[in-house]
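Step one of this worksheet: look at the structure below.
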Amino acid sequence: MKTNIFAYFFLLFCLSITLKAQDKDVLLGGEQLKYRIHLGFINAAEANIKSSPNLGSIRQIPTRKIEIEGKTVGIFNVFSPLLDIWVSYMDPTTLLPIKAEMNKREGRYKKQEVIDFYHDKGVAQISSPQNTPKDKNLSISNSMLDLISGYYFLRKKNLQELEIGQKMSAKILVDGQVYEVWCIVKGFEKVDSKFGSKNCIRTSLVLPKNNLFQDKDAIRLWISQDNYQIPFKMEVNLKIGFLSIDLEDYKIAGKTIYTALP
């Protein structure tokens with residue numbers, strides 16, 4: 001999968017926005033999250049995640065649209081520009097993807113892709129002008145996830161039932177390939193932020209083997225230990241440097257959930 005370090009962040013984050021209680025609706029309408037991605041004090045990129053306020057329909061199946069946009073900022077937008085947009089249309093009852101769209105612009109590299117999921121037939125129809133052939137069918141399990149629905153699959157887990165050392169995994173279809181990602185619970189800690197000190201659960205993420213990360217515990221994620229249970233902070237130890245991701249804003253239906261300290 002062609003990508004750079006900031007594109008890899010969006011893959012990580014979609015797979016790690018986790019752990020809401022099972023008796024609550026995790027596919028909320030009008031949810032908005034904004035994150036700052038930085039190397040030390042230098043801002044490198046930002047990510048925005050939002051869900052549509054209303055339901056739509058695809059093939060007569062009710063769907064909610066979820067969109068993730070990531071882009072470089074400042075000096076990084078000059079030397080390593082990136083604009084990635086991922087969209088998923090999900091069945092709010094099953095949390096399975098019905099359709100997924102990807103539009104990546106990373107420097108000179110561009111890639112568009114549309115995936116239509118037919119879970120009852122065990123088939124995903126993939127179309128991309130950059131692929132050869134342009135269109136292909138891929139056999140899938142009847143519960144196959146895309147990038148964004150993988151995020152909601154993990155998010156539905158019950159945080160209160162987790163124990164240190166517990167592992168969870170999700171398999172997703174991205175760029176024509178199936179990837180498995182593991183999330184391991186490491187402990188409970190307070191995290192200082194612009195919103196004050198927050199109780200969080202610390203986890204580590206394990207991705208397929210790659211050449212970007214420094215060690216097996218290179219990806220550390222802190223999840224807020226409250227009713228919202230969202231990714232609050234992430235640290236990624238790359239071979240080229242230390243990348244940090246911090247929550248900047250969180251709203252539901254326009255209402256600010258966390259208020260920054262004066």
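For the single chain, residues carry numbers from 1 onward in sequence order.
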Problem set entry | Short side-chain donor-acceptor distance under 3.5 Å, D226 and S224 | yes
Spell out, as yes or no, whether a donor-acceptor pair under 3.5 Å connects the side chain of [X] to the backbone of [Y].
{"X": "S51", "Y": "L28", "value": "yes"}
{"X": "D91", "Y": "T93", "value": "yes"}
{"X": "S193", "Y": "G196", "value": "yes"}
{"X": "Q166", "Y": "E163", "value": "yes"}

Exercise. Salt-bridged, K194 to E248, with N to O below 4.0 Å?
Worked result: yes
Exercise. Under a 4.0 Å N-O cut-off, is there an ion pair linking K233 with D246?
Worked result: yes
Exercise. Is it true that the NZ or CZ of K198 lies under 6.0 Å from the centre of Y258's six-membered ring and within 45 degrees of the ring axis?
Worked result: yes
Exercise. After noting the C-alpha distance and the side-chain angles of R220 and E235, does the key distance pass the salt bridge (charged side-chain N to carboxylate O under 4.0 Å, His left out) rule?
Worked result: CA-CA 5 Å; R220 296 175 290 278; E235 294 180 346; 3.6 Å; yes
For this session: For K190, enumerate each residue passing the salt bridge (charged side-chain N to carboxylate O under 4.0 Å, His left out) test, keeping only those at least two apart in sequence or located in another chain.
Result: none
Exercise. Which residues satisfy the side-chain contact (heavy atoms from CB on, under 4.5 Å) test with L138, sequence neighbours excluded?
Worked result: I126, I140, L173
Inter-residue atom distance [X].[atom1] - [Y].[atom2], 0.5 Å rounding:
{"X": "I68", "Y": "K50", "atom1": "CD1", "atom2": "NZ", "answer": "12.0 Å"}
{"X": "I148", "Y": "W86", "atom1": "CD1", "atom2": "CH2", "answer": "8.5 Å"}
{"X": "K65", "Y": "I98", "atom1": "NZ", "atom2": "CD1", "answer": "16.0 Å"}

Problem set entry | All side chain to side chain donor-acceptor pair (under 3.5 Å) counterparts of E189, not counting sequence neighbours | R202, W222
Problem set entry | Greater than 12 external heavy atoms within 6.0 Å of K121's NZ | no
